[in-house]
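All chains are named by letter (A, B, ...) in the order of the sequence lines, taking the proteins before the strands, and each is independently numbered beginning at 1. Just so it is clear, the values below take in all heavy atoms, side chains as well, and ignore hydrogens, waters and symmetry mates. All figures in this text were calculated on a predicted structure; none of them were measured in a lab.
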2 protein chains.
Amino acid sequence: MENACKHLKTRGIKPSYQRIKIFEYLLRNRNHPTVDMIYRKLVPRIPTLSKTTVYNTLNLFIEKEIASIIIIEENETRYDADTSVHGHFKCRKCTKVYDLDIDLSKIDIPMLAEHSVTEHHFYFKGICKNCR
Amino acid sequence: MENACKHLKTRGIKPSYQRIKIFEYLLRNRNHPTVDMIYRKLVPRIPTLSKTTVYNTLNLFIEKEIASIIIIEENETRYDADTSVHGHFKCRKCTKVYDLDIDLSKIDIPMLAEHSVTEHHFYFKGICKNCR
DNA sequence: TCCATTTTTGTAATCATTACAAAGTATGGT
DNA sequence: ACCATACTTTGTAATGATTACAAAAATGGA
Ligand SMILES: [Mn+2]
Ligand SMILES: [Mn+2]
Ligand SMILES: [Zn+2]
Ligand SMILES: [Zn+2]
């Protein structure tokens, strides 16, 4: 995927090998991974990879807005290459996180009118169709 | 507030002194406090109070469903005596968390139909009316 | 009062994340 | 190619919130 490399450049991120690989992982695996999931998947192919690099890189992606952060459980930060406004559903049995392609920013919430809103987050929890 | 004591009993929670004080704090201060905020506010009046007790008690409240948990930032767990389905707005300047009294469970989200949903969470971030 | 059960407490352990500085790598001018 | 400089990666240590655990304290009934 030369795609990933170009995407990084357009946002002013120098496309180092690690950054490309981490971004490719996010693009290909739409499973909302944690830092640890990304690290464990990549380290066999990049033996020198440091978990710190994964943290640094993801924080850079968030800052440059090519990825978004998903916080559903305390101490389980997940990442998403999809930066559009959308929501998630997490199954408490299989722990899978599903996408919900709904733009909540289009729903009118009068109480928000007086504030200046920059981020929209929503998620649901329960048991998914496959687990019951 | 004898109120708090009765509320605990009806949910099968023995109303110990610490539990009553922590629950009263949640009822009176609708500011979505962290464990640390609750602890620091109560410890002058209950010098023997342990932070572990605050953690244990809040986990019990969540389990017995007399309080709900609010996760907006990673490693900043907040608690709310309001267990109804409602949302929040957090100001990134003054860090205040506002209530949004909207029941998202009433909004139809087709993608959720196939799953069994038990929890609804939503929050927004930005700058509040007082901070701009 | 005695005993069993529950609750509280303090300390240590855990775990995710960040801080930091050293080592490695790329870049651009000479 | 050489060097200086800036950027990136890495490993280790520090941080901070939460939980585990076991001892101490409180409760409540026989
Ligand atoms: Mn997503
Ligand atoms: Mn609330
Ligand atoms: Zn499932
Ligand atoms: Zn504000």
Please report, rounded to the nearest Å, how far the P atom of D/dT8 is from the NZ atom of A/K21. 19 Å
Length of the CD1-C1' vector between A/I38 and C/dA16, whole Å: 14 Å
Does a nitrogen or oxygen in the side chain of A/S16 sit under 4.0 Å from OP1 or OP2 of D/dT9? yes
Once rounded to the nearest 0.5 Å, what's the spacing between atom OH of A/Y98 and atom SG of A/C128? 3.0 Å
Mapping A/N75 and B/K14 onto DNA chain C by nearest heavy atom, which one lands closer to the 5' end? B/K14
Please examine the side chains of A/I70 and A/H88, heavy atoms only from C-beta on, and report whether any two atoms are closer than 4.5 Å. yes
OP1 or OP2 of C/dT17 sitting under 4.0 Å from any side-chain N/O of A/T77? yes
On the 0 to 90° scale, with breaks at 30° and 60°, tag the B/H121-A/Y123 ring pair as parallel, tilted or perpendicular. parallel
Would you mind classifying the nucleic acid contact of A/T34 as base, sugar-phosphate or nothing, using non-hydrogen atoms under 4.0 angstrom? nothing
Send over the distance from A/I20 CD1 to D/dT9 P, rounded to a whole Å. 10 Å
Just how far, in rounded Å, is P of D/dA17 from CD1 of B/I71? 15 Å
To the nearest Å, give me how far apart CD (B/Q18) and P (D/dA25) are. 14 Å
Hey, any chance B/I66 and B/I38 share a hydrophobic cluster, counting ILVMFWY side chains that come within less than 4.5 Å of each other, even indirectly? yes
Spacing of B/E76 atom CD relative to C/dA16 atom C1', expressed in whole Å: 16 Å
To the nearest angstrom, the CD1-C1' distance between B/I13 and D/dT27 comes to 17 Å
Using the side chain to side chain donor-acceptor pair (under 3.5 Å) definition, which of the options B/R78, B/R92, B/K90 pairs with B/E73? B/K90
Starting at CZ of B/R19 and ending at C1' of C/dT9, how long is that distance when rounded to a whole Å? 14 Å
Tell me which residues in residues 41-62 of chain A put a heavy atom below 4.0 Å from DNA chain D, sorted by number, or none. A/T48, A/L49, A/S50, A/T52, A/T53, A/N56
Out of curiosity, does B/V85 fall in the hydrophobic cluster containing B/I62 (side-chain heavy atoms, cut-off under 4.5 Å, transitive links)? no
Cut-off 3.5 Å, no hydrogens considered: what does the side-chain donor-acceptor table look like for residues 41-52 of chain A, sequence neighbours left out?
from, atom 1, to, atom 2, distance (Å)
A/S50, OG, A/T52, N, 3.1
A/K51, NZ, A/D36, OD1, 2.6

